[in-house]
> 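Got a structure for you, written out below as structure tokens; questions coming shortly.
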2 protein chains.
Amino acid sequence: MSDLLERLRGRGWRMTAQRRVVAEVLDGEHVHLTADEVHARAVDKLPEISRATVYNTLGELVSLGEVLEVSTDRRAKRYDPNAHRPHQHLVCARCGAIRDVHPTGNPLSALPDSERFGFTISDVEVTYRGVCPNCAAA
Amino acid sequence: MSDLLERLRGRGWRMTAQRRVVAEVLDGEHVHLTADEVHARAVDKLPEISRATVYNTLGELVSLGEVLEVSTDRRAKRYDPNAHRPHQHLVCARCGAIRDVHPTGNPLSALPDSERFGFTISDVEVTYRGVCPNCAAA
DNA sequence: TCCTACGATAGACAATGTCTAAGTCAAGTA
DNA sequence: TACTTGACTTAGACATTGTCTATCGTAGGA
């Protein structure tokens, strides 16, 4: 995670204990926490951190392109630190588990010009839904 | 829209003024209203209809498979009456306009077995994002 | 026409996210 | 090191979206 902290510092980010803690919480593969979960884990490390700061910091990380927002369910947004490798999500419809996946081909090419209605398309968001092995076994 | 009302009546749906109004509001192509927008339009036709009834009725229509829930932004869910033809969505990142689109090929096939982590996948949700012609011109 | 179970209602409540005003502090400067 | 300043943090009010409950009303069958 010092990678991320270094990058942020290099971009002129003012380093505070709160920001460091939020960045540390968002470390790892297949991490997809809600803002509230991030807050809860941040509080473990820094009890006086406020909800507003977590929201602010997450918003800044998203603006900087260091973290992605994903909405796999209709409840809270989730934050995905795996922003530097394009990927999609695979969600278990029962337990809500989320995995990052990497499809073949460019998903943008699936949409023919005749279906683009003159839009300039820049991005696709793809979420696969199914049942994970654990839930299938249960 | 009498089609929808007929189908619903055929399924034993008890017909009330409120339900009829909600079904009428959800008529047409490229209709993607939030629950609140549905409520506002329903109130125009039937001033005493309550918010809870709109939510209940939308939920029932979704359960019956007559209407789809889509979440193209992170704000409110939107309701799409075009439930009988599989389609995806194209969203303008500036004004939020939404169009239904129909891509070529089966999006499920883009995910190789090696990336399925043992999940049994049943569904894919695809949202294209870009800028619509109106916003591009402005 | 009358009954009754299902539907509708108002409004409280819950979850998530945003905003504000005031206090605090990181980092540059001398 | 001490000073300064504007960016950062805070608590809590507020906003939005959605859900639940207790009560009232009514569609449709007898």
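Every heavy atom of this structure was used, including side-chain atoms; hydrogens, water molecules and symmetry mates were not. Letters A, B, ... mirror the listed sequences (proteins, then strands); counts begin at 1.
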> Among residues at least two apart in sequence or on other chains, which ones pass salt bridge (charged side-chain N to carboxylate O under 4.0 Å, His left out) with A:Arg9?
none

> Under the side chain to side chain donor-acceptor pair (under 3.5 Å) rule, collect the residues that match up with A:Thr72, sequence neighbours excluded.
none

> Between the side chain of B:Arg41 and the main-chain N/O of B:Val25, is any donor-acceptor distance below 3.5 Å?
no

> Under the side chain to side chain donor-acceptor pair (under 3.5 Å) rule, collect the residues that match up with B:Ser122, sequence neighbours excluded.
none

> Take nucleotides 25-30 of chain D nucleotide by nucleotide from the 5' end and write B, S or -, depending on whether a protein heavy atom sits under 4.0 Å from the base, only from the sugar-phosphate, or from neither.
BBBS--

> Restricting both atoms to N or O, compile the protein contacts to nucleotides 18-23 of chain C shorter than 3.5 Å, with distance only.
unit_1	atom_1	unit_2	atom_2	d
C:dT18	O4	A:Arg51	NH2	3.3

> For A:Asn82, what residues pass the side-chain contact (heavy atoms from CB on, under 4.5 Å) criterion, not counting sequence neighbours?
A:Glu29, A:Asp80, A:Arg85, A:His87, A:Asp100

> Contacts to DNA chain D from residues 35-50 of chain A, heavy-atom cutoff under 4.0 Å, which residues?
A:Glu48, A:Ile49, A:Ser50

> Check this one for me: any side-chain N or O of A:Gln18 less than 4.0 Å away from OP1 or OP2 of C:dT24?
no

> To the nearest Å, give me how far apart CZ (A:Arg11) and P (D:dA7) are.
19 Å

> Can you list the residues that meet the side-chain contact (heavy atoms from CB on, under 4.5 Å) rule with B:Ala17, with sequence neighbours excluded?
B:Arg20, B:Leu46

> So, using side-chain contact (heavy atoms from CB on, under 4.5 Å) as the criterion, who are the partners of A:Pro112 when residues are at least two apart?
A:Ser114, A:Glu115, B:Thr104

> Is there any salt bridge (charged side-chain N to carboxylate O under 4.0 Å, His left out) pair reaching into residues 126-138 of chain B, and which pairs are they, with sequence neighbours excluded?
A:Glu125-B:Arg129

> Which residues pass the side-chain contact (heavy atoms from CB on, under 4.5 Å) test with A:Thr34, not counting sequence neighbours?
A:Asp36, A:Glu37, A:Ala76, A:Arg78

> Once salt bridge (charged side-chain N to carboxylate O under 4.0 Å, His left out) is applied, what residue pairs with a partner in residues 60-72 of chain A remain, sequence neighbours excluded?
A:Arg7-A:Glu66, A:Arg11-A:Glu66, A:Arg19-A:Glu60, A:Glu69-A:Lys77

> Measure CZ/B:Arg20 against C1'/C:dG7 and give the value in whole Å, please.
15 Å

